[in-house]
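All remarks here apply to the structure that follows.
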Amino acid sequence: MLSPLEQSVRAITDATSLLIVTAGDTQGDAVASVTALYATLLKLKKNVTAVVTHGVPNNLRFLPHTSEVHTKLDHANDFIISLDISRTP
């Protein structure tokens with residue numbers, strides 16, 4: 001039986017089109033997490049879309065890939081990653 005981490009790795013590896021979304025949070029940690037995961041998945045040659053529904057605040061536009069973050073879904077994806085930082089210390 002695969003561990004949760006192994007299951008996640010397998011799901012990401014098998015997916016061709018991935019969507020990264022936040023839980024409605026546009027704080028720095030959430031936006032940075034989205035853009036970091038976006039960059040990582042691009043390096044893995046994945047077709048990835050990042051969505052921050054409230055948009056990236058101007059003070060966070062210095063982060064890499066923020067110009068590629070969308071505010072709405074444009075198309076269907078076969079794997080969705082939702083980042084929720086509300087329970088992190």
Side-chain angles (χ1 to χ4, degrees):
M1 177 139 98
L2 296 175
S3 71
L5 176 60
E6 291 168 328
Q7 291 175 31
S8 298
V9 169
R10 179 174 282 174
I12 290 170
T13 301
D14 292 346
T16 56
S17 182
L18 296 104
L19 171 65
I20 306 167
V21 297
T22 63
D25 191 352
T26 56
Q27 294 180 26
D29 288 346
V31 174
S33 296
V34 167
T35 57
L37 183 56
Y38 179 86
T40 300
L41 293 172
L42 284 180
K43 286 185 179 186
L44 294 173
K45 308 282 191 235
K46 297 295 182 179
N47 177 19
V48 58
T49 302
V51 175
V52 175
T53 54
H54 299 292
V56 176
N58 288 335
N59 66 325
L60 299 175
R61 290 276 172 195
F62 69 93
L63 293 168
H65 301 290
T66 55
S67 63
E68 298 157 48
V69 173
H70 300 271
T71 56
K72 62 181 181 174
L73 300 176
D74 294 334
H75 54 281
N77 299 84
D78 64 1
F79 191 78
I80 299 172
I81 300 171
S82 176
L83 298 176
D84 183 358
I85 65 159
S86 64
R87 289 183 257 161
T88 56

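FYI, the numbering just counts along the sequence from 1.
Smallest separation of non-hydrogen atoms from P57 and V31: CD-CG2, 4.3 Å. The two residues A50 and V34 have their closest heavy-atom pair at CB-CG1, 3.6 Å. Closest non-hydrogen pair, E6 versus M1, comes out as OE1-O, 4.4 Å.
When the ring-ring contact (aromatic ring centres under 6.0 Å, His included) test is applied to H70, no partner is found at least two apart in sequence or on another chain. Partners of Q7 by side-chain hydrogen bond (donor to acceptor under 3.5 Å, both in side chains), not counting sequence neighbours: none found.
Within a 6.0 Å sphere centred on CZ of R10, heavy atoms belonging to other residues, nucleotides or ligands number 12 at most.
Contact check for I12 versus I81: side-chain heavy atoms found under the 4.5 Å cut-off.
Counting only distance, with no hydrogens or angles, the side chain of E68 and the backbone of H65 share no donor-acceptor pair below 3.5 Å. Proximity of a side-chain donor or acceptor of K72 to a complementary backbone N or O of V51 within less than 3.5 Å is not detected.
Residues F62 and V52 share a hydrophobic cluster, clusters being chains of Ile/Leu/Val/Met/Phe/Trp/Tyr side chains in contact below 4.5 Å. Tracing side-chain contacts under 4.5 Å through hydrophobic residues (I, L, V, M, F, W, Y), one never reaches L2 starting from V9; they form parts of separate clusters.
A distance of 8.0 Å separates CG in N47 from CG in L18, rounded to the nearest 0.5 Å.
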Under the side chain to side chain contact (heavy atoms under 4.5 Å, CB included) rule, what do T66 and T35 come out as? Steps first, then yes or no, please. CA-CA 7 Å; T66 55; T35 57; 3.9 Å; yes

